[in-house]
S.K.: 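Supplied in structure tokens, the structure appears directly below.
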Amino acid sequence: MTEQQTFALLLGEAAMAVWGDMPRDIQEALFETAMREREDLRHDLACLLHDRHPRTQHPTKPV
């Protein structure tokens, strides 16, 4: 593993640890950046983050 990969892993772990404390626009920017060209993982990452930080769930849309 390169030093850059190690730092990226550490930053990713830190982001996941404080995810629920981040403003929603920051969460969305990080999520969208992480999922760029990774549509296959989008649902799984969203579920992981929502399971770890329930308050990050988006409110239901009115009908």
S.K.: Rounded to the nearest 0.5 Å, how far apart are CG of Leu41 and CE of Met35?
M.R.: 5.5 Å
S.K.: Are Met22 and Leu11 grouped together when hydrophobic residues (ILVMFWY) are joined by side-chain heavy atoms under 4.5 angstrom apart?
M.R.: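 No, because Met22 and Leu11 fall into different hydrophobic clusters, even though each may have its own neighbours under 4.5 Å.
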S.K.: Are side-chain heavy atoms of Phe31 and Leu49 found at a separation under 4.5 Å?
M.R.: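 In short, these two side chains touch, coming nearer than 4.5 Å.
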S.K.: Using a cut-off of 6.0 Å, state whether more than 12 heavy atoms not belonging to Glu32 lie near its atom CD.
M.R.: yes
S.K.: Is it the case that over 12 heavy atoms from other parts of the model lie below 6.0 angstrom from the CD atom of Gln5?
M.R.: yes
S.K.: Show, in sequence, the C-alpha distance, side-chain angles and deciding distance for Thr2 and Phe7, and conclude whether the side-chain contact (heavy atoms from CB on, under 4.5 Å) test is met.
M.R.: CA-CA 9 Å; Thr2 68; Phe7 292 152; over 6 Å; no
S.K.: Given Asp40 and Arg38, is the salt bridge (Lys or Arg N to Asp or Glu O under 4.0 Å) satisfied, shown in steps?
M.R.: CA-CA 5 Å; Asp40 56 320; Arg38 295 307 308 253; 3.6 Å; yes
S.K.: State plainly whether one hydrophobic cluster holds both Val18 and Leu48, where clusters connect Ile, Leu, Val, Met, Phe, Trp and Tyr through side-chain heavy atoms under 4.5 angstrom apart.
M.R.: yes
S.K.: So which heavy atom on Arg52 is nearest to which on Met16, and how close?
M.R.: NH1-CE, 3.3 Å
